[in-house]
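Chain naming here is simple, since letters A, B, ... match the order of the sequence lines and numbering starts at 1 in each.
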Number of protein chains: 2
Amino acid sequence: MNDNLPARRGRKSEISRGQILDAAARMLRRQGYGNTTLRAIADVAGIQAGSIYYHFASKDEIMDAVLERGVAAVYEAVHDQLAALPVGTDHLKRIETAVIAHLEALLSHGDYTSASIRTYGEVPAAFQQKAQPLREAYVTLWQELLGAAQRDGAIRADLDTSLLRTLLLGSLNWCVEWYDPSQRPVREVAAQAVDVLFRGVVPAYVPPSLKE
Amino acid sequence: MNDNLPARRGRKSEISRGQILDAAARMLRRQGYGNTTLRAIADVAGIQAGSIYYHFASKDEIMDAVLERGVAAVYEAVHDQLAALPVGTDHLKRIETAVIAHLEALLSHGDYTSASIRTYGEVPAAFQQKAQPLREAYVTLWQELLGAAQRDGAIRADLDTSLLRTLLLGSLNWCVEWYDPSQRPVREVAAQAVDVLFRGVVPAYVPPSLKE
DNA sequence: GTCTATACCTGGATAGAC
DNA sequence: GTCTATCCAGGTATAGAC
């Protein structure tokens, strides 16, 4: 009755499992796939290496779980934020919302997202395939966002939205390499990213008649 | 006298050394630091694992050489292209030149640059420190480029150029994750990146009087 | 300068006590 | 559910022949 964990229904197995995943995500994020050892994970999680196998069948299974959870977190964050907008919200506002959601999921939400972004490229091909559907769904989400905006004239017609998408997401994804929460808030990064994306860096043209 | 390698002065040691580095760069690029083994490097280079130690003292020494060469290549490419511009070239043209040079060095020039970009974050701290000065010099180069442009009003005064720099370079660096030479030429990517950077994605405002 | 052979260590994984 | 002990493969690195 003195159960202070509300819906923790059943076993404490879940707790350990979670700690293992947390530890794995943290190490994966900063050391990559090949440098992350089970012993190190166990150490961070506060258990012995052998104990891991009660929760996971192999190292790969842990990695897989971390990566999957990472992309899922970003996908859901963006999807949900977009869904929460009132119907008829204009395209630029929707894009802005998506950028902020993506960045927040990446930078605040933590190790899982960063780990999945950084290590996806160096993981065995089998894993990449497993994560493929979800990744494609995410790409599609953005593609439709940008495509719809372009069709309605909210963004320039002469741009290749597919290329634009990769450039934009690249810019955001790269933040995991340098972002430091103690320097500036995430929203500030997001704000300038959106600003530059929309308006560009060149000052607006001011007709001579209006100058000074 | 039938020496068909012009200035290959001296030893063939240089050839093997080069092959080892090439192989290492290629594997580092796509597998990361921890997954790249000496046996695999030797295999790709066409020699035996033990033979590597005639040329390098350790695995780390190879990695170090690859990383260093990677950043140096990008730095020099951008630096040289900028230096080749006529004096007095305007700021936007200089920025455009730098973007193109950075991307070309990254995507055409190959494995060294990609490897150094992708694995820098997961390499032991000792290496990061060794490469630090050169990386800082590169950052400074960009910072001065953007700062000068802003001082002269070529780019908006309300932007944080430091943040702008990281967002821009992030967008470009991320290209190593997805760029496929068979899909589109590098220049096309560079062109749109510059275009969006300068003008933004929102169509220019057209006064009602000019419409239709 | 490259080979073969091998030492040594660390990593993933298993077995069985508790 | 976690521990200890251990197996085995594969990694870096060395030694010495050629």
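Scanning for side-chain hydrogen bond (donor to acceptor under 3.5 Å, both in side chains) contacts around Q129(A) gives an empty result, with sequence neighbours left out.
Atom OH of Y54(B) is separated from atom P of dA15(D) by 17 Å (rounded to the nearest Å). Between the P atom of dG1(D) and the CD1 atom of I20(A) lies a distance of 12 Å, rounded to the nearest Å. Rounded to an integer number of Å, the gap from Q19(B) CD to dT2(C) P is 8 Å. The interatomic distance linking I52(A) (CD1) with dT4(D) (C1') rounds to 15 Å, in whole Å. Taking atom CZ of residue F56(B) and atom P of nucleotide dT12(D), one finds them 14 Å apart after rounding to whole Å. Spacing between atom CD1 of I41(B) and atom P of dA13(D) amounts to 11 Å, rounded to whole angstrom units. Separating the OH atom of Y33(B) from the C1' atom of dG11(D) is a distance of 12 Å, rounded to the nearest angstrom. The distance between atom CE of M27(B) and atom P of dT12(D), rounded to the nearest whole Å, is 11 Å.
The cationic group of R184(A) does not satisfy the cation-pi geometry with Y179(A), failing either the under 6.0 Å distance to the six-membered ring centre or the 45° limit from the ring axis. Both the sub-6.0 Å distance and the 45° axial angle are not jointly satisfied by K59(B) relative to the ring of Y53(B).
For the OP1/OP2 pair of dC3(D) and a distance below 4.0 Å, the side-chain nitrogens and oxygens of S51(A) include at least one atom meeting the criterion.
Taking the centre of each ring, H102(A) and Y75(A) stay at or above the 6.0 Å mark.
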| task | Classify every nucleotide of nucleotides 12-18 of chain C by which part a protein heavy atom approaches to under 4.0 Å, writing B for the base, S for the sugar-phosphate alone and - for neither, in 5'-to-3' order. | result | BBB----
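Between Q132(A) and the options K130(A), E136(A), Q128(A), a side-chain hydrogen bond (donor to acceptor under 3.5 Å, both in side chains) holds for only E136(A).
The residues D111(B) and R26(B) are annotated as not salt-bridged, no charged nitrogen and carboxylate oxygen being separated by less than 4.0 angstrom.
For H55(B), whose side chain is taken as the heavy atoms from C-beta onward, the closest listed nucleotide among dG1(D), dT2(C), dT4(C) is dT2(C).
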